[in-house]
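Below you'll find the structure, written out as structure tokens, and then a few comments.
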Amino acid sequence: MAEVITTRIGWRDLPGRVRAAVEDIIGDRVVEAVSQPGGYSPGTADRVRTATGRRAFVKAVSPAQNPDSPVLHRAEARNTAALPPSAPTPRLLGCHDDGEWVALVLSDVDGRHPVTPWRTEELSRVLTALEAMAAALTPSPAAHVPTAAERLARDFAGWHRIAADPPERLDPWIRAHLDDLCAAADRGIAALTGDTLCHVDVRADNLLLDAAGTVTVVDWPWACRGPAWLDSALLLVNVRLYGGHDTEALLRRLPLTAGVDPAVLTGFYAGLAGFFADGARHPPPPGIPTVRAFQQAQADALLPWLVDRLG
């Protein structure tokens, strides 16, 4: 399942005033812009180079591409500005917001997304980086973000919505275990306590590896305060999606998840599966045509794991 979209605009599609504002932030004229693949924002995602060789990463969007995306860009600007230099994350160089267009200018990372299906060495590097990131972001440096329980409350109610309005073609196991799935997801959301700043959207296309193998975690609009293990546990959904690794064994072995109550982790994955399964049955958002198929693929990857974990 390719984590890409097909409607992304580019640097040259931005109004002149927005390009000029970005160049003011960088302090030089942009002479080259290369659009980057991956992700689901319909706005720009360009690595740019200036006349004097300066580099930056620019992402910009307006309501014309998607009405919710400018709100997310504003949140990402505020969240990224709060990240400390010790975290494996990009730096915010500046933000342009004219009420219509929101453009973020970030430090450029000369890297690539991890290969999927995941390679063992790259997975190990990313998991180590997430452990270091959790340490660097505890206590949370961003007091303004919601808690994980607040951020994910509606998402984790997905099984309740399915139970209230089940689709005609509902997996027989899900239909027989809807009460168990609802109860597990409720336990999961109740356990998302902690004071670590969590990314909450960790997957291959939100990670970059440079030539030395250094990991950078990008795209921070959904940041919230939760348990230190959350992002590591979340990454295993992406690993499971692409196959090739024993995610159950990883869960038991990782320092951040090994000591977590198994019922809590089952509830966490139940909540995520309900979110994906419920979201996948809706029409795609404007400008983001492939996200529903990706949600369904993640639900399908999680379901066999839940069958095993729920017994």
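Positions are given from 1 along the sequence.
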For the pair [X] (side chain) and [Y] (backbone), establish whether a donor and an acceptor sit closer than 3.5 Å, ignoring hydrogens and angles.
X      : Y      : value
Asp28  : Thr52  : yes
Asn66  : Pro286 : yes
Ser62  : Ala64  : yes
His199 : Asp219 : yes
Arg161 : Asp278 : no
Thr214 : Asp210 : no
His245 : Trp118 : yes
Asn79  : Trp220 : yes
Arg309 : Pro262 : yes
Asn206 : Asp201 : yes

Should [X] and [Y] be counted in the same cluster of Ile, Leu, Val, Met, Phe, Trp and Tyr side chains packed under 4.5 Å apart?
X      : Y      : answer
Leu130 : Leu83  : yes
Trp101 : Trp11  : yes
Ile189 : Leu181 : yes
Trp173 : Leu170 : yes
Val237 : Val260 : yes

Pairwise side-chain contact, [X] with [Y], heavy-atom cut-off 4.5 Å (strictly under):
X      : Y      : value
Glu248 : Asp308 : no
Leu208 : Val218 : yes
Asp68  : Pro285 : no
Leu123 : Leu235 : yes
Phe276 : Asp300 : no
Leu310 : His177 : no
Leu230 : Leu192 : yes
Cys224 : Glu150 : no

Legend entry - Residues Glu23, Arg19; criterion salt bridge (Lys or Arg N to Asp or Glu O under 4.0 Å); working and verdict: CA-CA 6 Å; Glu23 290 175 332; Arg19 296 199 304 269; over 6 Å; no
Looking at [X] and [Y], what are the two nearest heavy atoms and their distance?
X      : Y      : value
Ile162 : Gly274 : CD1-O, 4.4 Å
Pro117 : Gly243 : CB-O, 3.9 Å
Ser107 : Leu93  : N-CG, 3.8 Å
Gln296 : Ala280 : OE1-CB, 3.4 Å
Pro88  : Ala129 : CG-O, 4.0 Å
Glu168 : Arg175 : O-NH2, 3.5 Å

Inset, instruction - Begin from the C-alpha positions of Arg225 and Ser140 and carry the test side chain to side chain donor-acceptor pair (under 3.5 Å) through to its verdict. - result: CA-CA 7 Å; Arg225 289 176 286 118; Ser140 171; 5.0 Å; no
Rounded distance (nearest 0.5 Å) linking atom [atom1] of [X] with atom [atom2] of [Y]:
X      : Y      : atom1 : atom2 : value
Asp165 : Arg281 : CG    : CZ    : 5.0 Å
Leu14  : Thr44  : CG    : OG1   : 5.0 Å
Leu241 : Thr116 : CG    : OG1   : 8.5 Å
Asp231 : Met133 : CG    : CE    : 4.5 Å
Cys95  : His73  : SG    : NE2   : 9.0 Å

Inset, instruction - Before giving the answer on side-chain contact (heavy atoms from CB on, under 4.5 Å), spell out for Leu104 and Phe57 the whole-Å C-alpha distance, their side-chain angles and the decisive distance to 0.1 Å. - result: CA-CA 8 Å; Leu104 277 63; Phe57 178 71; over 6 Å; no
Inset, instruction - Assign the ring pair Trp229 / Phe268 to parallel, tilted or perpendicular, where the plane angle (0 to 90°) is split at 30° and 60°. - result: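 Rings of Trp229 and Phe268: perpendicular, as their planes differ by over 60°.
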Legend entry - Exercise: do Arg91 and Thr89 side chains pair donor with acceptor under 3.5 Å: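 Per modelled atom types, Arg91 and Thr89 side chains form a pair under 3.5 Å.
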Legend entry - Donor-acceptor pair between His160 and Asp186 side chains, under 3.5 angstrom: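 Judged by distance alone, the side chains do pair up.
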Inset, instruction - Using the side-chain contact (heavy atoms from CB on, under 4.5 Å) rule, take Arg49 and Val31 through it: C-alpha gap first, then chi angles, then the decisive distance, then the call. - result: CA-CA 6 Å; Arg49 179 177 59 84; Val31 296; 3.8 Å; yes
Inset, instruction - With side-chain contact (heavy atoms from CB on, under 4.5 Å) as the test, would you mind laying out the steps for Phe156 and Leu272 before giving the verdict? - result: CA-CA 6 Å; Phe156 273 43; Leu272 287 175; 4.0 Å; yes
Legend entry - side-chain contact (heavy atoms from CB on, under 4.5 Å) assessment of Leu236 paired with Tyr269: CA-CA 10 Å; Leu236 296 189; Tyr269 289 124; 3.9 Å; yes
Legend entry - salt bridge (Lys or Arg N to Asp or Glu O under 4.0 Å) assessment of Asp110 paired with Arg55: CA-CA 10 Å; Asp110 187 9; Arg55 292 186 177 274; over 6 Å; no
